[in-house]
Amino acid sequence: MPLSLNYLVLWITYHVSHRSKERQVPPVLPSLCPSLQNTFRFLFDSANFIKKATRYAGRATSTCITIAFKDIYFIQDHFAVAAMWKQSQLASPIYIYAYALQNVFGMPSTCLQAYRSDSSGPYKKPFPGTNVEPQNRVDFLTHESLVRAFSGPGLKPSFDRFQRSVERRLDGLCPRTAATEWIQHYDMLSWFRNIIGEALLETLFGKRLLELNPNFVEDLWHFDHSVPWLAKQIPRFLMPKAYKTRLRLLEGIKRWHSVARREFDDGMIFPDGDGDPVWGSYLMRERQSILASVEGQDEEGVAAADLGLIWASITNVVPAAMMSVLHIWNDKDLLARVQYELARKMPSSDVAAVSIPGIDMSSLDKLPILNSVYAETLRCYVQAFITRGSAESDIPIGAWWLPKSGIAMVSSHIRHTDETFWNTMDGKRPVNQFWADRFLVFKHNMSSGPIQQPVRHRMGLDNKRRRGTVKSLKKSEKHGDDMHCDMRGLEGSWIPYGGGFGACPGRILTKKIMIWFTAHMITHYEVEILTKSWEMDNSRYGFGMQKPKQRVAFRMRKL
C-alpha cells in the first residue's frame with residue numbers, strides 16, 4: 001500500500017509538472033521501487049530505458065531518474081540542452097571526471113581528493129566564493145593545457161606529425177610498388193586501429209610508450225570493451241580479466257613515465273617545437289609538471305589520469321573515421337560525388353597535396369558533402385552521456401531548474417535521433433539511418449537542411465537561413481556551387497562533443513583527422529567492401545562511438 005500510494009503521488013506530480021508552463025525542477029519518473037527498478041534497467045538496457053524515460057506526449061523532455069539511490073536529472077529537450085551550454089556554472093565536467101578516474105581508470109582515493117575538492121571551475125578566474133590554491137586548480141589547469149594542445153599552438157605540429165605517421169603505416173601495408181595489386185583485410189576496425197590508433201598514440205604520447213609496452217595497443221582495445229561495466233561498478237570477481245587488463249595498462253604507463261623522466265632532455269624536441277620521441281608532445285611534458293604539483297598526487301594517480309587521456313584520445317576517433325569512410329566506400333554514388341567534389345573544388349595541386357603534411361585544411365573544410373558526411377557520422381553513431389553538476393545554487397535551463405548540487409545528464413543519442421527536430425524528408429530519411437545529405441542546404445530546395453521547417457521557424461532561423469543562404473551562394477556561385485553544409489541552430493541537438501565552454505577540447509583535431517583521412521583514402525586508394533551488411537553494437541551506450549558488431553571485410557589497392 002505505501003509503495004502504491006507513493007507511485008500515485010509521483011504519477012500525478014509527473015503529469016502536472018509536464019503540463020505546467022512555469023519553470024520547475026524536472027519531475028521524478030514514476031516507479032513502484034524507483035532505485036531498484038531504474039538501476040537494473042539502466043545497467044542492462046540503457047538505450048531503450050533512457051529513451052522511453054525521457055519522452056512525454058511523443059516529444060523529448062527532461063526527467064529526474066533515481067539510479068542507485070542517486071537522483072540524476074536527464075535533460076533531453078532541445079531548448080533546455082542549448083540553454084545548458086550557456087550556463088557558466090555548468091561548464092565544468094569535474095564531477096564525472098572524478099567518478100571516471102576512480103571507477104574506470106583506477107585512481108586511488110587519496111589522489112581523487114584534489115579533483116573532488118576543486119570547486120573553482122574551468123575558467124581562468126575562479127568561481128566566486130571558492131578558495132582553491134592555484135596549483136590545485138586541476139580542472140582549469142588540465143583543461144587549459146588540452147585546449148592549447150588540441151586547438152591552440154599544438155594543433156598544427158601534432159596534426160602534421162599524425163599525417164606523416166599515417167602515411168608511413170599505409171606505405172608499409174600497401175606499398176607503392178603494388179599499385180595494381182588487391183590486398184584483402186578481414187577486419188576493418190582492426191585495420192583502422194593499426195593505422196589511425198597507433199599513429200595518434202605515437203603523435204601525442206611518443207614512440208617510447210609503444211617500445212616499452214609492445215602489447216599496449218591490444219590491451220587498450222580490450223580495456224575499451226570493459227569501460228561501460230567498470231563505470232557501472234561491476235565488481236572485480238565478476239570480470240577479473242578487465243581489472244587485470246587495466247592493471248597492465250597502468251603498469252605500462254608508470255614504466256613509460258619512469259623511463260621518460262630519466263631519458264628526456266630538451267635536445268630531443270623536434271624542429272616543430274612540440275613533439276619529441278619520449279613524451280610525444282608538449283602536452284604531455286606540460287601535463288607531467290601540472291599533475292606533479294597538485295596536492296596528494298603520486299605515480300599511481302598520474303598514471304590513472306594519463307590512462308583516461310589516452311583512452312579518450314584514441315578509442316572514439318578510430319571508429320568515427322572508420323564509419324565515415326565506410327559509408328562512402330559502400331555507396332558508389334556517394335563515392336563518385338565526393339571524388340567529384342574533391343577534384344572540382346580543390347586545385348589539382350591541392351588534391352595531390354592531400355598526402356603532404358602541412359596541407360591547408362581550410363581547402364577540405366569548405367567541401368560541403370565531405371563535411372556533411374562527417375557531421376552525419378557523428379550524429380548517427382555517437383552515444384555519449386554528457387554530465388554536468390551545479391554547485392552553489394539552482395540554475396535555470398530552458399523550461400526547467402537544475403537544483404543546487406544536482407547532477408544533469410544528456411544523452412547525445414536521444415538528441416541525435418529526435419524525429420521531431422531532425423529533417424527526415426517526410427519520413428523518407430529516418431533519423432536512425434545514415435543520410436549523407438542531411439546537413440546540406442541546396443540553393444533551390446527550401447525544405448533541405450538538417451532541421452525540420454516548423455522547428456526552424458520556431459527558432460527564428462527561416463529569415464536568417466534565407467539571408468545566410470543567399471549571401472553564401474552569391475559568394476560561391478562563381479565556383480558553380482549550389483549547396484553548403486549548414487550547422488546553425490544545432491547547439492542543443494548535434495552534440496557529439498558536448499557543448500559550451502566544457503565541450504571536448506579535442507573536437508578540432510578529431511574533425512581534421514576524420515576529414516583529412518577520408519579525403520586521403522578516397523584520393524589514393526580504391527576500396528571494395530566485401531561485407532555487405534552489418535549491425536551496430538550498443539554495448540558501449542553512453543561512452544562514445546558505436547562500432548559494428550561484425551567484422552567488416554574489404555580489399556584495397558593503390559591508385
Side-chain angles (χ1 to χ4, degrees), residues 101 105-108 110-111 114-115 135 138 141-150 152-162 164-166 168-169 193 196-221 223 245-315 317 505-506 509:
L101 286 171
F105 305 112
M107 180 175 281
T110 53
C111 302
Y115 292 82
Q135 75 276 11
V138 63
L141 293 171
T142 55
H143 180 269
E144 192 76 359
S145 177
L146 292 172
V147 169
R148 283 194 295 269
F150 294 143
L155 177 62
K156 186 180 184 304
S158 293
F159 184 63
D160 288 348
R161 295 198 307 278
F162 170 78
R164 290 192 292 268
S165 184
V166 165
R168 287 197 307 271
R169 286 169 166 77
R193 289 169 179 169
I196 293 182
E198 289 192 22
L200 194 53
L201 267 169
E202 179 185 306
T203 297
L204 298 178
F205 306 102
K207 292 182 178 180
R208 205 71 177 103
L209 171 63
L210 298 177
E211 290 171 353
L212 291 167
N213 305 284
N215 297 320
F216 190 88
V217 174
E218 182 179 355
D219 281 341
L220 180 64
W221 290 105
F223 171 75
T245 301
R246 184 177 72 181
L247 181 59
R248 283 199 302 273
L249 288 169
L250 291 171
E251 291 298 324
I253 291 172
K254 287 191 292 183
R255 187 181 307 117
W256 165 51
H257 285 171
S258 176
V259 171
R261 293 187 192 105
R262 187 169 62 249
E263 292 184 352
F264 175 77
D265 66 69
D266 290 342
M268 294 180 173
I269 299 175
F270 297 151
D272 64 16
D274 182 88
D276 74 77
V278 179
W279 285 114
S281 60
Y282 178 77
L283 165 67
M284 295 309 297
R285 298 195 297 273
E286 180 186 46
R287 185 176 171 84
Q288 298 308 304
S289 175
I290 290 172
L291 294 180
S293 300
V294 176
E295 185 178 337
Q297 301 305 295
D298 57 23
E299 62 174 349
E300 301 282 346
V302 175
D306 278 356
L307 175 57
L309 177 60
I310 292 170
W311 176 82
S313 302
I314 307 299
T315 59
V317 69
L509 178 60

How long is the straight-line distance from [atom2] of [Y] back to [atom1] of [X], given to the nearest 0.5 Å?
X	Y	atom1	atom2	answer
E218	L249	CD	CG	10.5 Å
T110	E300	OG1	CD	9.0 Å
E263	D276	CD	CG	11.0 Å
R248	D219	CZ	CG	4.0 Å
L250	F105	CG	CZ	10.0 Å
F159	F150	CZ	CZ	14.0 Å

Do you know which two heavy atoms are closest between [X] and [Y], and how far apart they sit?
X	Y	result
V166	A199	CG2-CB, 3.7 Å
Y115	L101	CE2-CD1, 3.5 Å
A149	L283	CB-CB, 3.7 Å
D306	M284	OD2-CE, 3.4 Å
V294	A114	CG1-CB, 3.5 Å
A304	G106	CB-C, 4.1 Å

Hey, are the side chains of [X] and [Y] touching, using non-hydrogen atoms and a 4.5 Å cut-off?
X	Y	answer
W221	I314	yes
S145	I290	yes
P153	Y282	no
V259	L212	yes
T203	R164	no
E198	R169	yes
S258	R255	no

Has K254 got more than 12 heavy atoms of other residues, nucleotides or ligands less than 6.0 Å from its NZ? yes
Enclosure of E251 CD (heavy-atom neighbours >12, cutoff 6.0 Å): yes
Under 4.0 Å between a side-chain nitrogen and a carboxylate oxygen: does that hold for K156 and D274? no
Can you tell whether the side chains of R161 and E202 come within less than 4.0 Å, N to carboxylate O? no
Which one of I310, T315, L309 satisfies the side-chain contact (heavy atoms from CB on, under 4.5 Å) criterion with S313? L309
Flag, side chain of S289 to backbone of R285, donor-acceptor distance under 3.5 Å: no
If we ignore hydrogens and angles and just use 3.5 Å, is the side chain of N213 paired with the main-chain N or O of N215 as donor and acceptor? no
Verdict with reasoning, R148 to L155, per side chain to side chain contact (heavy atoms under 4.5 Å, CB included): CA-CA 8 Å; R148 283 194 295 269; L155 177 62; over 6 Å; no
Decide whether a cation-pi geometry holds between R208 and W279; the criteria are a distance under 6.0 Å from NZ or CZ to the six-membered ring centre and an angle within 45° of the ring axis. no
Would you please classify the geometry between the W256 ring and the F205 ring as parallel, tilted or perpendicular, with 30° and 60° separating the classes? perpendicular
Check step by step if side chain to side chain contact (heavy atoms under 4.5 Å, CB included) holds for L509 and F162. CA-CA 10 Å; L509 178 60; F162 170 78; 6.0 Å; no
